[in-house]
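Inspection log for the structure reproduced underneath, given as structure tokens.
Naming: A, B, ... by sequence-line order, numbering from 1 per chain.
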Protein chains: 2
Amino acid sequence: MRANFRLQRLFVENALHAEAAIPADADQFNYLANVLRMEDGAEVLLFNGRDGEWLARLTFPARKKIVMVAAEQTRAQTPMPDLHYLFAPLKTGRMDYMVQKAVEMGAGVLQPVMTQHVQGRITSMDRLRANIVEAAEQCGVISVPRLEAPVKLRDLTDGWDPARRLLFCDEGEETNNPLSALQAIAERHAALLIGPEGGFSEEERHWLRALPFVTAIPLGPRILRADTAAVAAMALVQATAGDWR
Amino acid sequence: MRANFRLQRLFVENALHAEAAIPADADQFNYLANVLRMEDGAEVLLFNGRDGEWLARLTFPARKKIVMVAAEQTRAQTPMPDLHYLFAPLKTGRMDYMVQKAVEMGAGVLQPVMTQHVQGRITSMDRLRANIVEAAEQCGVISVPRLEAPVKLRDLTDGWDPARRLLFCDEGEETNNPLSALQAIAERHAALLIGPEGGFSEEERHWLRALPFVTAIPLGPRILRADTAAVAAMALVQATAGDWR
């Protein structure tokens, strides 16, 4: 079922059920009362990643206080998307953007990966998490992707689950067409690894390509920025092996 | 052949051939001399969309003057990509971003289209053109996509060339999978139409779907922002019908 975009969506930690009364936190209060200027009885949609999406109505029990009361469930909980999105940190602005796109495109796990040529760094996991929640609120997903702590590329692959195919976008790939490679994948589960703006090192590329659970996929004849490659590759993976089928 | 990213790439209007001496314009002078602090003999790559890409060396014949002298051709001219990218204007920041992405993804023609729910507007075609050139310089393409004047959606389809398949991303499409629709396309030429943030109107959707040269493609179960849908859809089109094959 598609998201309802006429109503403001908010992520909450609380359990959601009929009559559940959920106090808006400071940010939510400011947004609902001061930015959107909502009043008593105004409707919002709430989700917590566990209990589906609920229509709730605002009550103002006291000054500077909003309680959101769940009325009925508007969408049932959906399972977390299976796609793992592994990315080398970018400079902050582009990384914020890329993370939002990853949520829109249906990543279930977001995993920062440190590579040899990585230029950006994770200055704040909280900022990344807030970005993920905001993207989930905006794009209508009910599940909020899990954000994993940064790992070194080598540590990531050392403990790899062979039942999950690791796809990496290889600018050095000879052919241009990613579809044949993606359609040949037998594993039902995929992880997509996007390198830093500087690309992978020769050493990383050769070593990745030698791993049995790795498939290198090309992304056409032009060099794409990391955030462009992320959306393009996720579209191809979702269409061939993911939830766009 | 892939782009060389160690050297600065510049678009010029002038003809390019061995010994061609091309004066840097004011912006180019400022960028080369003041931002990059380049000196006599420094190398850049020049392209004009007609004569391929050329290695050139800087000379400083006078104060406040740089002449770029073409040495040898580094890449032969490639034909303009065939993909037409039709987009409803977005708010300026997102539109700048989307236009850059369209160039990276290999659009040959960029065509603003006015639809019923369009929110953004083209404040400056020159700004859009400058964006296109900058994106071409950065992403290594040799051809600079053509920017067409904005047209009303109805006028666009009234004069449509039936040899080109018009693809539009339809949030109302029942299925999630765009590949089957794209792989079934017989025409060798494609145009991709991305609606405004508000989506197409019901009237527009029904009327587009009734046109014989139109194919509606879905983009998965989540609602995508227009700039996300643009990159995702171009990736699928390039992989199935474009130059990623």
(request) Check whether any side-chain heavy atom of B:L224 lies under 4.5 Å from a side-chain heavy atom of A:M105, and answer yes or no. (result) yes

(message) A side-chain contact here means heavy atoms from C-beta on lying under 4.5 Å apart; do A:R222 and B:D243 qualify?
(response) yes

(request) Side chain from CB out, backbone as N, CA, C, O: work out which of these in A:E104 comes under 4.5 Å of a heavy atom of chain B, or both, or neither. (result) both

(message) Report which part of A:V103 has an atom under 4.5 Å of a heavy atom belonging to chain B: side chain, backbone, both, or neither.
(response) backbone

(message) So which residue, A:T228, A:L179, A:V231, A:T240, ends up with the most heavy-atom pairs under 4.5 Å with chain B?
(response) A:T228

(message) I need the residue from B:G242, B:A232, B:S180 with the largest number of non-hydrogen atom pairs under 4.5 Å to chain A.
(response)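 The candidate making the most pairs under 4.5 Å is B:A232.
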
(request) Output the distance between atom CD1 (B:I223) and atom CD (A:Q138), rounded to the nearest 0.5 Å. (result) 13.0 Å

(message) Check this for me: A:R50, atom CZ, are more than 12 non-hydrogen atoms of other residues, nucleotides or ligands nearer than 6.0 Å?
(response) yes

